[in-house]
Every structure is written in C-alpha cells, then in structure tokens.
Amino acid sequence: MKVAVRLYAQLMDYLPHDTMGHPFELTLEEGTTIGDLLARLGIPQEAASSSILLVNGEHGRPSQGLKEGDGISILPPICGGKL
Amino acid sequence: MARGGYAGKILRVDLTARELKDEVLSPQVLRQFVGGTGIGARVLYDEVPAGVEPYDPQNRLIFATGPLNGTLVPGSGTFAVVTRSPLSGFASAGHANGFFGARLKHAGYDAVVVHGCSPDWVYLYLNDGRAELRDAAWLVGKDSWETEMALREQHGQKGMDIGLSVACIGPAGENRVRFAAICSDRGHVASSGGPGAVMGSKRLKAIVAEGSRGIPVHERDLARLKGLIKGWIDSASSSPFGRAVSKGGTAGFFSAAENMGWLPVRNLTANLFPDHPSFDGASLRSTFKTKPRACHACTFAHCLLMQVTTGPYKGLVVEEPEYEGLAAWGSNVGIVDAGTALMLNDLNDRLGMDLKEATFCASLAMECYARGILNPDDTDGLDLSWGNAGAVEELLRRIARREGLGGLLAEGVMRSSQRIGNGAQELAVYAKKGFAPHVHDPRGRWSILFGQAVSNMGSIEGSSLELSAAPDLGFPEPIPFFSKEMVPKAQARTGPKRQFEDTLGICMFLCQGSLQGMVDTLNAVTGYDLDKARALEVGERIINLLRLFNVRHGLTPDDDSLSPRLREAIPEGAHRGRSIDSVFEEMRRAYYAEMGWDPETGRPLPQTLQRLGLEG
C-alpha cells in the first residue's frame, strides 16, 4: 500500500532534503502500523514518543494500522497559543 | 511578604504635572498578583473608572515586570504593558521579550505607571533608582529603530543589546494609530491592543532603562537555587517544542501551518499557499545568512539577525520574523517572496504597529479592492492587488502617517470595515471586542479561534491543546480537533497557567517545564510558599479582574464573539467546509460555566470572586 508522509521542524531531518514541505510517498506492507513507520523512518524512540502523530488530520497512536492512501503527519508538539 | 525577587518600588509618572514619585506596592497585592499582567490588571482596575476613555490623560499605561525578571532564570527579560485599549475600549495586555524587563529591574523599578499628558514630547530616563523626564522633541518622527539607536548613543552606548534598553514608539504611536505598538531592543514588540497609541497620546516617546542593581534572592542555599535554574534551562531546551523552535524558529512550523489548514491566505479567502516551503524556518535559515541574537539570560536563542541573500531585497539585515510575521506579510497579503515578507515585517516594526491588526487591515483593503468595494480613487492611486509588495509598503507608511486611506485603516480592522461599508463588514477579520486575531486562519484551529473570542486582553489568554498535552492541567493527551466540548474546557484550564507564567517575567517559549518547577523557583527567589493550586489561582484571579474591568466598561456576551468572516466555513484545504458558527454560543456558555461565570451574561459569579479574594 502507498501512504503519504509529512515530517515537520527537526523531524524533517529524517526525510530526503528535497521533500521539504511536501508529502513523501512510501510503499508499505499491509498491516504496517504508525509505530512501524516511525521505526522505518529512523526516528529515535525518544523523539517518536513525544511527537504528535496525525493520520488524515486526526490524532493517531503508534499501534494504529495504516491503510492505502493514508496521509501521515508527524511533528513536535506545538505549545502556547500564538504559534 | 516577599523577601526577594522584587526591586521594591514602582515609579509613578504624572506627565501633566511632570511629577515623578516612588511608591511601594502593598505586599498583599504582590502576593495576590505576583507581577507582569497581574500588577498591571490590579492598577488598571483600581485607577481607571468608567468614563476614563483610552486617550484620556487619566488612562494608565503600566509597564510591569515580574519577580524573576533580571535573574539568571532563562528568558527573564520580558515585560508587560497593560492599559485601556484604544482598539476595544476594554483592557489590553501585551508582552515583549528582549532585555527591557530585566533592565527595568536593574534600574531599580518593578513597574512604571504613567498617567497624564505631557505638553511637550518627553522621554523617561531611569538609572539606578533615579528617574527623570527629558526632552524628546529631537526624536519626533524617528522610527522605532532610529529612536532606539539615537537614545543609545545619547547615553553612551553604541551597537545593540549592551548596557541599556529602550522601549519606544515609532511614527504610528505618535500619530495615535489605534494599533500602535511599543518597541524595545530592536525587534521585540508589545503590541496587543495598541499601547503605543496610548503612549503617543501622553507624548511619551520612550523609556530608557539602565542600572546595575542586583535582584535580592530569598533562598540562602545557592546550590539549590542553581539547581532549580539549571532544571528550568534543561527542561526548556530539551523539550521537543524547545528543540524545534531553537532549530528553526517559530517559522519552523510554517509548512505545518499550511498543510494543516491554519495559515491565513489572502484575508482568509483561501486556505492553500503553494509557496509555503520557502517561508519555512528550515528553508529560511539555510537560504539566508543568520547571526544568533539571544535575549536576556536566554539559553534557547531562537532569535536571529537575518540577512536576505536573494530577490529584490538582497542584502537587507533584519530581525528574523516569527511565524506570524511571515504569515502576515507573505500569505495573508499574497506575497510569495520570503525576502519581501522580511522587509515588510521590519518596516512594520520600525513604524511601530501591531502586526496582527496591520496585516488584517491591509488584507481587508486588498480584498475590498479586488471586489471593487474600494477603487483607485479611494486608494489615492495605490494598486492594492494581491501580492503587490510596493503597494503594501506604501500602505503601511500611509497608515502610520494617517494619510488618505491609511488614516481610515489606522482605526483598526473593525472600525475601518464599518466606515468602508458596502459589505466590508462581512469580509473583516476580527474578534468582536475590536482586536484582529493572531495571524492564523483560526477557523482551522478552534482553540485559537475560541480563545481569541473570549479573551479579555487582546491577545489570547490560554493555550492551544490540539497539538500538545498538558498533564499538569489534566490533559495527558492533546485534545481532539474541532471539539465543542473540549475546546472551552481547555481554554478555561490553560488560561490560569498561562497568566501565572506571564506574571513571572519569563518568555513563554522558556516556560516548557513543569508547573511545579516554576512554582519552586518562584518560591526560592521570593520566599513565597505557593503550591500549584495557588499558582493557578493567581492566573485565574488576573483573568477575573480583567473581566470585571471589561464589564465595568460595558462588556456583554456579544463582545465575546467573532466577526462574520471568522464564523464562515473554510473555503478549501484540509478543513474545507468547517465552521464554528452553529456551536459557538453553546461553547461560550460552557466556557462561562467552567470559569464560574454566569452562563448567560459572562459575569463572574459572587462565589467565584469570593474564592479569588476579589469580592467588593
């Protein structure tokens, strides 16, 4: 299955530079979870556990399975209200 | 009584009589309100009765620090400015980072309370416990950076940031643009609610603060105090949010904002901005030259000087804009060159205006122009087509001079839309009290949208929890997007914490540690014995006192609301069709109830005031 991944802020370091700000398409095996995806991207556990995980604009969990066409966004938490 | 943290006196400035007087704030007021917005709210409530209009000499302009300002706690250079706002007629509280808050303390003052109106332009000079008013006629007409540099030179300091600080107004403040800002330390701005216009109405051009006074500290065990401060530093710089902002600035979330549908595009007529990658912090900091420029005691250093290296403004050196500055002068006015947005952000700071109000005034005029509501005769020939940078530049200058259409827009978004008429009111972006919102398409982030509507102070009072958890406040996970139940609850619970943090005198980006850590540090510095619940009560007390002030000045539930544009559905993008309109009143009632206010009137209930010690 194909999914589109977007990483933001310092997490961009885990994607090829030329994808900055644009979705990065990945082909994954059926049954892949968000947690599997984080591992495949090489995002360390500490960063992964504190990141905000969104699937198609809704909050997701590491154990959540992905499906064809999903859009996954991973970003550090955004605190305060002015940002 | 506090045994540390405070300079020990405030300065009263009567500009009409040209009298300066030291005063000691009561220990009870300090304990109840701690500092910053808290002290400002107390003074404003006690001294600005109904009938004192924003430009009345009796209106107060309060510069207030907190007990941690000027210490080694990171980011302790901020200050608050509180006044009755010329934009709304209600309270406003703005904050600026930099050094000025620390230097006000080092000069010997916890706060400066200004009233009256000087017959001639003056500036206030503070140095080691002494204060004097000096002639400022020679500074009139200078922009905020020119004013600061002229005063630095006058007082024997060259370069930036060293030795003394200046908080001043630019031409917009002199001309009472209703959203004029107070600018300090070249690029740090207290702007919400237009305090610069009040400063201008009093003919006070600037305050210069310098001195070498230390901050008394209660804790005798210096190793413990150092441990607390180190813990604060570590928690701020190791937090994921801290690391993100340190690496890419707040601009590091620009692409995220676009992708997630909360970037303002052309006065919220659109929601997609394909040029977003070149505005993102990662791109800006790799494309343009940078030089770190940290604020007082900041170990975080997300502020930079930035030199534009491409495009029409190649060579320009400015303060790196925050995310909001890039959104204001990029997507919201249709400009696609990041260097041009840097130029406009710098210009707006130099003229001394609140960028929230300035961008939504400019974008209102541009949308009116696109729709034929304004024509070239109305604009004195300016072609206000989306993306016309030269026209936006000239428009900002005309606003600051109150010239032609600029004079109309200088009244702010709400008033100018009413005066333009012909449907402009339907296009204008503002919260009903009269403030433009933070520079988002907040329709895509309800906590920002709702927080802006119910805030008492121009900016927002609480925090957004869709993209961060708040375990201290009972939110172990982020709240769902677009939740009519959770957004009011989160606003009610985050407001007291955010307002407590703002009493301390610390930059909000450095307040990433636990509430307990902040309370422990405050107690160690001051000798207070607050616990977490009482710290939150301080913030809640401030919100309630500001609400009482606003009720006194005519606040009704309709003022806790949004302009028609902000209640419209989002036209495209990630949240196409989403609107808060049908659930807004229900959310507002829930928020009022959560705050201990009358659900129908929004007024604090007697038992709430009694609990907070605000009865009578």
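In what follows, chains carry the letters A, B, and so on, assigned in the order in which the sequence lines appear, proteins first and then strands, with residues in each chain numbered from 1.
- The contact between Glu477(B) and chain A is made entirely by side chain atoms (from C-beta outward), counting heavy-atom distances below 4.5 Å.
- When each of Glu258(B), Lys247(B), His575(B) is checked for heavy-atom pairs under 4.5 Å with chain A, Lys247(B) comes out on top.
- Top candidate by heavy-atom pairs under 4.5 Å with chain B, chosen from Ser51(A), Ala9(A), Gly71(A), is Ala9(A).
- Contact of Pro480(B) with chain A is made through the backbone alone, with heavy-atom distances under 4.5 Å.
- Closest non-hydrogen pair, Ser468(B) versus Pro77(A), comes out as CB-CB, 3.9 Å.
- Of the two parts of Ser283(B), the backbone and the side chain both hold a non-hydrogen atom closer than 4.5 Å to a non-hydrogen atom of chain A.
- Within the 4.5 angstrom heavy-atom criterion, only side-chain atoms of Leu54(A), from C-beta onward, approach chain B.
- Of all non-hydrogen atoms in Gln10(A) and Pro240(B), the two that sit nearest each other are NE2-O, 3.2 Å.
- Rounding to the nearest 0.5 Å gives a distance of 5.0 Å between OG of Ser255(B) and CE of Met12(A).
- Proximity to chain A is absent for every atom of Ala574(B), based on heavy atoms less than 4.5 angstrom apart.
- Here the side chains of Asn259(B) and Ser73(A) are not in contact, with every heavy-atom distance at 4.5 Å or above.
- For the residue pair Ile78(A) and Phe241(B), the shortest heavy atom distance occurs at CA-CD1, 3.8 Å.
- For residues 56-68 of chain A, heavy-atom neighbours of chain B at less than 4.5 Å comprise Gly57(A), His59(A), Arg61(A), sorted by residue number.
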